[in-house]
Amino acid sequence: PFAVELRRTGRTVEVAAESTVLEAVESAGVRVLSSCRQGVCGTCEIPVLAGDVDHRDAVLSAEDRAAGTTMLVCVSRAAAGCGKLTLDL
Ligand code: FES
């Protein structure tokens, strides 16, 4: 499990092991545009303000992954050892 801070919304939500960041954010009542929910369409790309991401999508380039400034919230998660991601949401 890890936490996701929604900087603009002013809330922090927990992401359980069996849940995605997208599901956790939606459960908190925050709307995020999504489509495929499988990491392939790019619709759910959200800016990352802090934290290390374990990128699991098929959208971002190697440069994007290394930069770590956005993530696809339907599949990607916090990296091992990173307890909190801060998103521009
Ligand atoms: Fe398609 Fe996340 S909804 S990449």
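Every number for a ligand or one of its atoms is a count from 1 in the order of the listing. Not measured: the values here are computed from a predicted model.
- Using a 4.5 Å cut-off on side-chain heavy atoms (C-beta onward), L49 and E5 make no contact.
- The shortest distance between side-chain heavy atoms of V25 and V73 does not fall below 4.5 Å.
- Every atom of ligand 1 with a heavy atom of R37 under 4.0 Å away is listed here by number and element: 1 (Fe), 3 (S).
- Every atom of ligand 1 with a heavy atom of C36 under 4.0 Å away is listed here by number and element: 1 (Fe), 3 (S), 4 (S).
- Close approach of ligand 1 to S35 (heavy-atom distance below 4.0 Å) involves ligand atoms 3 (S).
- Panel note: side chain T69, backbone V48; no donor-acceptor pair is recorded below 3.5 Å.
- When non-hydrogen atoms are compared, ligand 1 lies under 4.0 Å from the backbone of C41 as well as from its side chain.
- Within the coordination shell of atom 2 (Fe) of ligand 1, defined by N, O or S atoms under 2.8 Å, C74 is present.
- Here the side chains of D64 and H55 are not in contact, with every heavy-atom distance at 4.5 Å or above.
- Side chain of R7 to backbone of D88: no donor-acceptor contact under 3.5 angstrom is found.
- Contact of the L87 side chain with the V21 side chain is registered, since non-hydrogen atoms from C-beta on lie closer than 4.5 Å.
- Protein heavy atom at the shortest distance from atom 4 (S) of ligand 1 is G42 N, 3.3 Å.
- With contacts defined as side-chain heavy-atom distances shorter than 4.5 Å, the pair R65/D57 qualifies.
- Of all the heavy atoms of V40, the ones lying under 4.0 Å from any atom of ligand 1 belong exclusively to the backbone.
- The distance from ligand 1 to the heavy atoms of C44 drops below 4.0 Å at these ligand atoms: 2 (Fe), 3 (S), 4 (S).
- Against a heavy-atom cut-off of under 4.0 Å, G39 is close to the following atoms of ligand 1: 4 (S).
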